[in-house]
Number of protein chains: 2
Amino acid sequence: MGASIKDVAQRAGVSVTSVSRVLNGEKYVSKALLEKVNRVIEELNYSPSHIARSLKSQKTSIIGIIVPNLTNQFSSTILSNIEETASAKGYNLLVGNIAESLEKELKYLRIFQNMRVDGIIVMHQKFDDRILDFFAGASMPILFSSVKAPSSTYLSVMIDDYQAAFDTTEHLIQTGHVNVAYLGGDLDDITSGLNRYRGFLDAMKKHGLEQDERFVKFGDYKLPSGHRLMEEIIRQDELPTVVFAASDDMAVGALNCALDYGLQVPKDISIVGFDGSRITELVRPAITSMEQPVEELGRKSVDYMHQLIVNPEFTFDSDIILQHRLVVRESSRALM
Amino acid sequence: MGASIKDVAQRAGVSVTSVSRVLNGEKYVSKALLEKVNRVIEELNYSPSHIARSLKSQKTSIIGIIVPNLTNQFSSTILSNIEETASAKGYNLLVGNIAESLEKELKYLRIFQNMRVDGIIVMHQKFDDRILDFFAGASMPILFSSVKAPSSTYLSVMIDDYQAAFDTTEHLIQTGHVNVAYLGGDLDDITSGLNRYRGFLDAMKKHGLEQDERFVKFGDYKLPSGHRLMEEIIRQDELPTVVFAASDDMAVGALNCALDYGLQVPKDISIVGFDGSRITELVRPAITSMEQPVEELGRKSVDYMHQLIVNPEFTFDSDIILQHRLVVRESSRALM
DNA sequence: TTGAAAGCGCTAACAT
DNA sequence: ATGTTAGCGCTTTCAA
């Protein structure tokens with residue numbers, strides 16, 4: 001199809017080496033040659049093949065990224081922030097949307113391997129053995145963004161989910177809530193399932209409160225499950241004063257359910273989410289949420305990935321923990 | 001780093017051709033050779049280089065995609081649907097998030113060119129000359145998804161925005177609305193700016209209604225502009241009975257503004273959006289919206305792109321127009 | 001300052 | 001059924 005470096009060289013009457021030199025802005029090219037070559041490049045609408053360069057240099061400047069679900073607000077926001085830094089640093093993103101399927105994750109990981117991407121960023125959390133094997137045998141650096149890596153061999157850039165859930169719960173208790181409901185995620189899911197739940201539990205314990213079995217329910221982070229679990233709670237004899245959901249989507253589901261049942265939020269019941277995705281600001285009432293620093297998450301993920309790529313000796317002795325921040329909005333109120 | 005086909009060949013004591021044959025599942029390989037080679041492939045954890053294959057075959061099986069904004073619900077939903085079909089068809093997606101910057105769009109287009117992607121899908125709309133020049137000189141097929149192509153040389157897969165806006169407006173009029181407000185987008189933006197506005201206008205005209213200057217305002221499709229324009233409308237002396245926003249984000253902005261001003265929706269005022277993105281179902285009241293068939297949009301975009309890629313003689317004499325559908329939810333009501 | 005030639009990892013035409 | 005070799009488009013010695 002397009003012209004190759006050879007075509008340019010021939011038309012310009014020079015060697016391919018010279019064209020290569022012009023392409024790469026090297027020294028030791030005469031002005032005449034430079035101009036001639038550039039003219040021909042224009043004429044032929046030539047553009048150098050990244051493929052060939054990659055083959056030669058063994059670098060693709062591509063980062064493969066495993067996204068759990070593109071339709072999820074939080075994922076796509078992080079993706080967007082990762083893209084921004086990656087692009088600025090000269091990396092391009094090959095996006096593997098796995099739609100929560102391990103089959104698809106494995107498929108994409110193998111593609112990344114074949115593609116010889118410079119590195120892989122994983123934003124997903126629950127793995128099976130085949131995937132762990134892949135990680136172990138991969139020839140490029142792998143970094144986990146917003147989730148805990150399956151082993152300390154890999155770097156994670158994330159918040160302290162345990163502490164964040166602890167702080168949220170403590171805030172609720174300190175503002176007078178005693179009957180705290182918790183809508184959690186899959187406990188097999190270390191970062192956002194288990195750790196957040198443990199943070200909630202320990203904060204309750206610290207303040208001498210016990211978890212009320214009727215008020216602790218587990219779903220799948222998604223909106224419908226928030227709605228469903230909330231419905232179970234509402235239909236019971238007693239109402240908690242606040243519902244702490246382990247994801248914003250679940251919080252929105254819970255909010256909608258409360259509104260559907262004619263409850264006033266936060267007058268009748270407070271609702272608090274987790275993640276700080278944009279959705280919390282755009283529903284009414286706007287939802288109080290434990291916010292993750294998405295810009296920093298994106299930036300640092302790429303920064304460290306870049307380190308891992310350019311410097312094979314780069315070592316770390318712990319995860320990169322970013323600061324969380326509770327953003328109080330309209331959906332929660334103090335009881336005192 | 002990793003092993004090459006040569007390493008496999010040597011270790012197995014066969015030629016590279018034989019290894020290649022095994023890799024590609026060709027006929028005429030003895031069972032013994034096949035097993036030997038496969039064993040060595042396992043031992044060496046070998047995976048064939050897609051780079052080298054691409055260089056040889058002049059096919060990358062990569063589709064470059066220009067996304068206006070990853071944080072936008074509608075964009076990422078389409079992207080997700082495109083990804084699904086693309087992945088099923090063996091294509092991988094290189095995502096160019098341009099964050100509405102033409103500089104960045106051009107940058108990504110050039111990268112796609114260098115990368116020798118098999119095709120480019122564009123989900124963006126307002127171009128400058130440099131970008132149009134790029135399109136004209138590109139050596140791979142270019143397809144426009146959900147937006148109108150800048151010329152009929154390119155294929156568009158999209159709905160009929162004019163007709164969709166016309167139908168929405170007519171529906172409102174037929175359910176008794178006379179004072180219809182319209183929150184539009186950039187009129188330079190043919191598909192969603194100009195055509196939707198013209199559809200609105202013509203439907204009004206058809207029913208003998210004139211647009212009320214006080215009720216027609218233009219923003220940028222985003223939520224804050226919907227809020228702002230709605231505020232301008234509310235602060236005027238008279239209220240329309242319905243607000244038709246040219247995007248769901250603007251509709252949500254308008255809804256929030258109405259709620260913030262203590263209006264009841266749809267009792268005091270109806271609100272209608274455009275796009276049918278998930279957000280319309282998750283706010284309260286859920287928003288009536290002119291829905292675009294996102295799954296079909298994604299699927300057909302990739303189907304046609306595939307055609308363009310494999311069959312250079314593929315021709316079309318018109319855009320691919322998909323059906324729109326008004327989904328009535330809680331935010332609008334009939335006045336009769 | 002310029003060029004010839006080897007080689008990156010693979011496939012395919014040709015030979016045997 | 002298997003192997004030899006050229007070549008995809010580029011960069012990089014090495015030589016001139």
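Within every chain, numbering begins at 1; the chains are lettered A, B, ... in the order of the sequence lines, protein sequences first and strands thereafter.
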**Q** Minimum heavy-atom separation for A/N97 and A/K104, please, with both atom names.
**A**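 Closest heavy-atom pair between A/N97 and A/K104: O-NZ, 3.1 Å.
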**Q** With a 4.0 Å cut-off on heavy atoms, is A/L33 in touch with a base, just the backbone sugar-phosphate, or nothing at all?
**A**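 It contacts sugar-phosphate atoms only.
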**Q** Check whether any side-chain nitrogen or oxygen of B/Q58 sits under 4.0 Å from OP1 or OP2 of C/dT11, and answer yes or no.
**A**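 Looking at the OP1 and OP2 atoms of C/dT11, neither is under 4.0 Å from any side-chain N or O of B/Q58.
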**Q** Using whole Å, what does the distance between atom P of nucleotide D/dG9 and atom CZ of B/R116 come to?
**A**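 It works out to 8 Å between those atoms.
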**Q** How long is the line joining CG of B/N24 and C1' of C/dT11, in whole Å?
**A**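 Value for this atom pair: 8 Å.
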**Q** Could you give the CD1-to-P distance, from B/I51 to D/dT11, as a whole number of Å?
**A**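 To the nearest whole Å, that distance equals 14 Å.
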**Q** Would you please confirm or rule out a distance under 4.0 Å between OP1 or OP2 of D/dC10 and any side-chain N or O of A/Y46?
**A**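 For D/dC10, OP1 or OP2 has a side-chain N or O of A/Y46 closer than 4.0 Å.
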**Q** Which heavy atom of A/Y221 sits nearest a heavy atom of A/G193, and at what distance?
**A**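 The pair with the smallest heavy-atom distance is OH-N, 3.1 Å.
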**Q** Using atom CE of A/M115 as one end and atom P of C/dC10 as the other, report the distance to the nearest whole Å.
**A**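 Between P of C/dC10 and CE of A/M115: 14 Å.
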**Q** So that I can tick it off, tell me whether B/R110 and B/E105 are bridged by a salt bridge, with the cut-off set at under 4.0 angstrom between side-chain N and carboxylate O.
**A**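 Salt bridge absent between B/E105 and B/R110.
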**Q** Looking at B/R53, I'd like to know whether one of its side-chain N or O atoms comes within less than 4.0 Å of OP1 or OP2 on C/dT11.
**A**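 Checking C/dT11 against B/R53, a side-chain N or O does come within under 4.0 Å of OP1 or OP2.
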**Q** In terms of side-chain heavy atoms, does A/D189 have a donor or acceptor partner in A/Q125 at a distance below 3.5 Å?
**A**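 Per modelled atom types, A/D189 and A/Q125 side chains form a pair under 3.5 Å.
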**Q** Kindly say whether the aromatic ring centers of B/Y91 and B/H306 come within a distance under 6.0 Å.
**A**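 Aromatic pair counts; centres sit under 6.0 Å.
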**Q** With the threshold set at 4.0 Å, does a side-chain nitrogen-carboxylate oxygen contact exist between A/E103 and A/R130?
**A**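 Salt bridge: yes.
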**Q** Tell me the interatomic distance from A/K59, atom NZ, to D/dT12, atom P, rounded to whole angstroms.
**A**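 Rounding to the nearest Å, NZ of A/K59 and P of D/dT12 are 14 Å apart.
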**Q** Roughly how many Å is it from CD1 in A/I41 to P in D/dG9, rounded to a whole number?
**A**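 My rounded result for the distance is 16 Å.
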**Q** At what angle, to 10 degrees, do the two end axes of the helix from C/dT1-D/dA16 to C/dT16-D/dA1 meet, given five pairs define each axis?
**A**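 Inter-axis angle at the ends, rounded: 40°.
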**Q** Strictly by ring-ring contact (aromatic ring centres under 6.0 Å, His included), give each pair with a member in residues 13-58 of chain B just once, sequence neighbours left out.
**A**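 Passing the test, one end in residues 13-58 of chain B: no pairs.
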**Q** Give me the distances for all protein-to-nucleotides 4-6 of chain D N/O pairs that come in under 3.5 Å?
**A**
from  : atom 1 : to    : atom 2 : distance (Å)
D/dT4 : O4     : B/T17 : OG1    : 2.7

**Q** Just how far is it from atom CD1 of A/I121 to atom CD1 of A/I82, taken to the nearest 0.5 Å?
**A**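 A/I121 CD1 to A/I82 CD1: 4.5 Å, rounded to 0.5 Å.
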**Q** Verify whether the ring centers belonging to B/F127 and B/F135 lie closer than 6.0 Å.
**A**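 Aromatic pair counts; centres sit under 6.0 Å.
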**Q** Would you mind telling me which residue lines up with the more 5' stretch of DNA chain D, B/Y28 or A/S49, judged by nearest nucleotide?
**A**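 Closest to the 5' end, via its nearest nucleotide, is B/Y28.
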**Q** Please state how far atom CG in A/D7 lies from atom P in D/dG9, giving the value in whole angstrom units.
**A**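 Going from A/D7 (CG) to D/dG9 (P), I get 8 Å.
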**Q** B/S30 has a side chain; which of D/dT11, D/dA1, C/dC10 sits nearest to it?
**A**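 In terms of side-chain proximity for B/S30, the closest of D/dT11, D/dA1, C/dC10 is D/dA1.
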**Q** Output the rounded distance in Å from CD (B/Q10) to P (C/dC10).
**A**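 Nearest whole value for this atom pair: 13 Å.
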